[in-house]
Amino acid sequence: MTNQEIAKILQEIGEYLEMQDVPFKPRAYEKVAEVIASFQEELSDIYKKGGLKAIGEIPGVGASIAGTIEELLKTGRSKHYEELKKKTPVNLSELSSVEGLGPKKINVLYRKLGITDLKELEAAVKTHKVKSLEGFGAKTEENILKGIGFLKLHEGRFSLGEALPIARSISERLSKVEGVERVEIAGSLRRMKETIGDADFLAIAKDPKSVMDFFVSMPEVGHVYGKGETKSSVKLKNGMDMDLRVVPKESYGAAMSYFIGSKDHNVLLRQLAIKKGFKLNEYGLFEENRKTKKQKNIKKEGNWFKVAGETEEGIYEKLGMKYIPPEIREAQGEIEASLNDQLPDVIGYDDLKGDLQVQTNWTDGKNSIEEMAKAAIAVGLDYIVITDHTKRLAMANGLDEKRIRQQWKEIDEINKKLEPENLKNKKPFKILKGTECDILKDGSMDLPDEILEKLDVVGASVHSLFNLSKEEQTERVKKAMNNPNVDIIFHPTGRLINKRPAYEVDMDELIAEAKKTGTVLEIDAFPDRLDLKDEYIRKCVKTGVKMSIDSDAHAAVHFNVLEFGIAQARRGWAEKKDIVNAWPVEKMLGMLK
DNA sequence: GCCGTTTTCGGCCCGACTGTTTTCAGTCG
């Protein structure tokens with residue numbers, strides 16, 4: 001059993017106990033589920049090495065939960081969980097994904113109406129059976145219906161953060177099948193879109209049949225739509241659809257171009273090819289017979305001769321274009337820019353030097369300042385800013401004036417400890433003092449200015465009152481930007497992909513205000529945020545507003561999400577000069593207020 | 001159910017909002 005599966009069961013045990021109004025235990029289970037979900041090492045490995053004792057050493061795990069984990073690892077089941085599930089046999093994860101529905105309400109819906117899943121819930125709401133229940137009403141019905149609608153809107157779409165690791169794992173296994181020369185991820189996943197409908201793979205193989213056999217019989221495959229010599233389609237058990245295409249080596253570049261898309265981009269590219277006297281399809285770029293007869297290295301195909309196709313670069317060259325990074329192939333002016341040699345030099349995946357939003361166990365993070373710093377060093381960063389929450393966010397144990405001053409002392413000590421001579425790579429590394437300070441309802445800050453002005457980096461966030469009117473919300477954030485100590489607005493629209501829409505805010509106005517006040521806007525790299533989204537990034541680039549790409553790490557493993565933020569920045573045409581934490585620390589600090 | 005330079009027993013993060021009620025339960029962060 002994987003950590004994710006174990007975490008999910010512990011989480012559900014907590015929710016079941018919550019239904020029965022059991023005090024304190026739900027918290028214990030929820031907490032431990034969170035810890036395990038973001039645990040670096042697989043519990044099965046820990047158990048293999050150190051047995052029950054090692055499991056018990058995980059923070060939050062006591063005798064009882066250790067026993068449950070052991071049972072899960074050994075048998076794949078938990079008696080405790082199954083007994084609870086028997087009492088209330090509902091699809092918990094499905095029902096609680098509806099905004100506003102928690103364990104208590106789910107319990108009432110099951111007891112009174114026998115509702116076990118989303119479909120039954122929707123039917124009950126539509127026939128107005130729900131509003132007469134005690135504690136429910138017309139408004140609750142309305143909200144549930146809205147919640148279901150939002151879930152449905154994203155049905156079948158996976159976030160980049162969910163899809164990419166799965167696709168990479170499969171791509172790696174495919175590439176090891178005998179006779180396979182090369183495998184690439186294509187489609188929207190290759191363009192690093194924030195959500196994807198399905199995953200496409202492209203392969204060169206001497207023996208297509210063996211790779212197709214392998215593909216359709218992978219353990220995670222739940223259903224095979226079809227299987228052929230050049231194309232197979234499957235649905236994974238988790239609901240994700242996947243296609244594998246095997247193409248000949250000589251068409252590989254053309255196939256890449258065709259299957260990376262986007263569709264709109266392809267249409268424009270083919271139109272351009274026609275205009276220049278070519279024909280472009282997934283097999284190659286072709287020129288008419290008479291013109292190319294005498295040239296070498298040209299393969300005949302009907303009345304047309306192939307002039308390019310093995311590589312994408314070759315096709316671009318023949319069309320008089322510069323190579324276009326997959327992330328910006330969205331028919332947003334990139335073809336024209338390519339023809340005129342005006343493509344952006346988009347930020348590279350190795351270009352970040354620092355991370356300006358990092359949480360620690362001083363508040364709701366899992367790891368200490370030192371652990372986060374070491375993890376940052378390990379991924380090659382030169383500096384991080386510690387930005388724990390502030391007191392308004394009581395659930396996260398947010399810092400007040402007294403505790404943040406204490407934190408500064410610890411940061412100073414660890415900085416000394418991490419002097420270059422004490423590090424393996426001997427490279428300077430710096431922990432900076434910062435905050436993720438709540439923006440209160442009136443736009444004022446949750447910490448006094450005399451604290452903020454002492455910090456290296458001040459980030460400000462909206463964490464409450466998401467339902468203010470657009471005008472109020474915009475004014476609120478604008479006021480924060482005008483605070484002379486506020487350097488960055490973190491996750492500026494507050495959206496959670498597939499879960500919660502952004503709060504109402506006028507982004508054009510905020511971008512203009514950011515320009516005026518010299519405030520940085522963050523690209524939060526956490527895959528369920530990716531906030532700013534690509535179109536706003538592009539607007540910032542055009543306006544000259546600087547941005548930062550931050551992990552929003554709440555655990556040492558989270559620095560790997562920076563990749564998603566960089567991808568998002570690339571999709572927004574951002575260059576190194578637009579991203580302040582792609583700069584050395586002095587230059588970055590010099591730019592801030 | 002977990003945890004301990006306040007405790008091996010007695011605490012456990014808590015304020016705000018919503019929608020239901022007419023003082024409060026449930027949910028969220």
Side-chain angles (χ1 to χ4, degrees), chain A residues 9-36 55-71 78 80-81 84 92 95-109 111 125 130-147 359 361-365 388-400 403 406 436-442 446 461-469 472-473 476 490-491 494-496 499-501 503 526 528-529 552 554:
Chain A
I9 287 179
L10 293 173
Q11 167 79 26
E12 291 201 7
I13 291 177
E15 288 178 48
Y16 277 126
L17 294 171
E18 178 80 33
M19 281 181 193
Q20 299 168 13
D21 234 339
V22 177
F24 302 114
K25 290 187 192 181
R27 259 291 104 88
Y29 277 101
E30 263 170 50
K31 258 180 166 168
V32 90
E34 256 184 72
V35 170
I36 289 170
I55 297 290
E57 276 164 16
I58 296 165
V61 177
S64 172
I65 291 181
T68 304
I69 293 173
E70 180 175 49
E71 195 190 349
S78 153
H80 186 197
Y81 172 69
L84 290 165
L92 250 189
L95 288 175
S96 49
S97 65
V98 178
E99 182 107 23
L101 274 196
K104 298 280 170 66
K105 283 199 170 125
I106 291 171
N107 191 35
V108 173
L109 289 168
R111 298 272 165 253
V125 168
V130 171
K131 70 174 174 192
S132 52
L133 296 175
E134 202 179 338
F136 292 72
K139 198 81 195 205
T140 316
E141 266 192 356
E142 204 180 293
N143 284 339
I144 290 175
L145 206 55
K146 254 193 229 161
Q359 262 68 242
N361 61 7
W362 278 73
T363 59
D364 61 349
D388 277 301
H389 288 292
T390 55
K391 61 195 184 212
R392 159 64 189 68
L393 219 58
M395 55 79 71
N397 194 21
L399 303 182
D400 57 15
R403 286 184 68 218
Q406 288 167 358
E436 177 176 12
C437 190
D438 259 54
I439 303 174
L440 305 179
K441 184 177 182 183
D442 64 354
D446 195 26
S461 302
V462 170
H463 285 128
S464 60
L465 298 161
F466 291 165
N467 58 346
L468 293 184
S469 72
E472 278 180 290
Q473 200 71 275
R476 181 188 186 187
F490 285 159
H491 45 73
R495 70 164 177 174
L496 291 177
K499 286 178 198 145
R500 179 180 76 198
Y503 44 74
F526 228 79
D528 58 355
R529 287 198 184 267
D552 200 354
H554 282 66

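Every chain is numbered from 1 and lettered A, B, ... according to where its sequence line falls, protein lines coming before strand lines.
- The aromatic ring of A:Phe24 sits over the base of B:dC12, with ring centres less than 5.5 Å apart and planes inclined by under 30°.
- Comparing the P positions of B:dC14 and B:dT21 gives a spacing of 29 Å, expressed to the nearest Å.
- One can place CD of A:Glu18 at 11 Å from C1' of B:dA25, the figure rounded to the nearest angstrom.
- Residue A:Lys441 contributes atom NZ, which lies 14 Å from atom C1' of B:dG15 at whole-angstrom precision.
- Evaluation of the side-chain contact (heavy atoms from CB on, under 4.5 Å) rule for A:Glu34 yields A:Lys366 as partners, not counting sequence neighbours.
- When heavy atoms are screened at a 4.0 angstrom cut-off, A:Lys105 is found touching the sugar-phosphate backbone but no base atom.
- Atom pair A:Leu109:CG and B:dA25:P shows a separation of 19 Å (rounding to whole Å applied).
- Residue A:Glu99 places its side chain closer to B:dG29 than to any other of B:dC13, B:dG29, B:dG1.
- Side-chain proximity of A:Lys104 to B:dA16, B:dC13, B:dG26: nearest is B:dG26.
- The side chain of A:Lys139 lies closest to B:dG19 when the candidates are B:dC14, B:dG1, B:dG19.
- Contact annotation for A:Val22: no contact, since no heavy-atom pair falls under 4.0 Å across all strands.
- With the nearest nucleotide of DNA chain B identified for both A:Lys31 and A:Gly135, A:Lys31 has the one nearer the 5' end.
- Nucleotide B:dC2 forms a Watson-Crick or G-U wobble pair with B:dG11, both donor-acceptor distances falling under 3.5 Å.
- Contact annotation for A:Pro23: no contact, since no heavy-atom pair falls under 4.0 Å across all strands.
- Looking at heavy-atom distances under 4.0 Å, A:Leu17 makes no contact with the nucleic acid at all.
- If you run side-chain contact (heavy atoms from CB on, under 4.5 Å) between A:Glu15 and each of A:Leu84, A:Leu92, A:Leu10, only A:Leu92 comes through.
- For the pair A:Glu30 CD and B:dG29 C1', the computed distance is 12 Å after rounding to whole Å.
- In this structure, A:Leu133 and A:His80 both approach DNA chain B, and ranking their closest nucleotides by distance from the 5' end singles out A:His80.
- Taking atom C1' on both nucleotides, B:dC13 is separated from B:dC3 by 15 Å, rounded to a whole Å.
- When distances are taken from the side chain of A:Ile65 to each of B:dT18, B:dG29, B:dG1, the shortest belongs to B:dG1.
- A:Asp446 has its CG atom 16 Å from the P atom of B:dC14, to the nearest Å.
- Within 4.0 Å (heavy atoms only), A:Asp364 reaches no atom of the nucleic acid at all.
- Side chain of A:Ala394, nearest nucleotide from B:dA16, B:dC14, B:dG1: B:dC14.
- For B:dT18, neither phosphate oxygen OP1 nor OP2 lies less than 4.0 angstrom from any side-chain nitrogen or oxygen of A:Asn143.
- For the C1' atoms, the distance from B:dT23 to B:dC17 is 16 Å, rounded to whole Å.
- Rounded to a whole Å, the CE atom of A:Met19 is 12 Å from the P atom of B:dG26.
- Here the CG-NE2 distance, from A:Asp446 to A:His389, works out to 11.5 Å after rounding to the nearest 0.5 Å.
- Spacing between B:dG15 and B:dT5 at atom P, rounded to whole Å, works out to 26 Å.
- In this structure, NZ on A:Lys391 lies 12.5 Å from CZ on A:Arg403, to the nearest 0.5 angstrom.
- Comparing the same atom, C1', in B:dG10 and in B:dT6 gives a spacing of 12 Å after rounding to whole Å.
- At whole-Å resolution of the value, NZ in A:Lys131 and P in B:dT18 are 22 Å apart.
- Nucleotides B:dT8 and B:dG4, compared at atom C1', are 8 Å apart to the nearest Å.
- A distance of about 25 Å separates the P atoms of B:dA16 and B:dG11, rounded to the whole Å.
- Backbone-only engagement by A:Ser64 is indicated by non-hydrogen atom pairs under 4.0 Å involving sugar-phosphate atoms exclusively.
- Using cut-offs of 30° and 60° on the angle between ring planes, the pair A:His554 and A:Phe526 is perpendicular.
- Sorted by first then second residue, the side chain to side chain donor-acceptor pair (under 3.5 Å) pairs that include residues 19-33 of chain A, not counting sequence neighbours, are A:Asp21-A:Lys104, A:Arg27-A:Glu30.
- Remark: P of B:dC24 and CG of A:Asp21 are 16 Å apart, rounded to the nearest angstrom.
- Ranking B:dC17, B:dC14, B:dT20 by closeness to the A:Thr140 side chain, first place goes to B:dT20.
- The number of heavy atoms from other shown groups lying within 6.0 Å of CD (A:Glu134) does not exceed 12.
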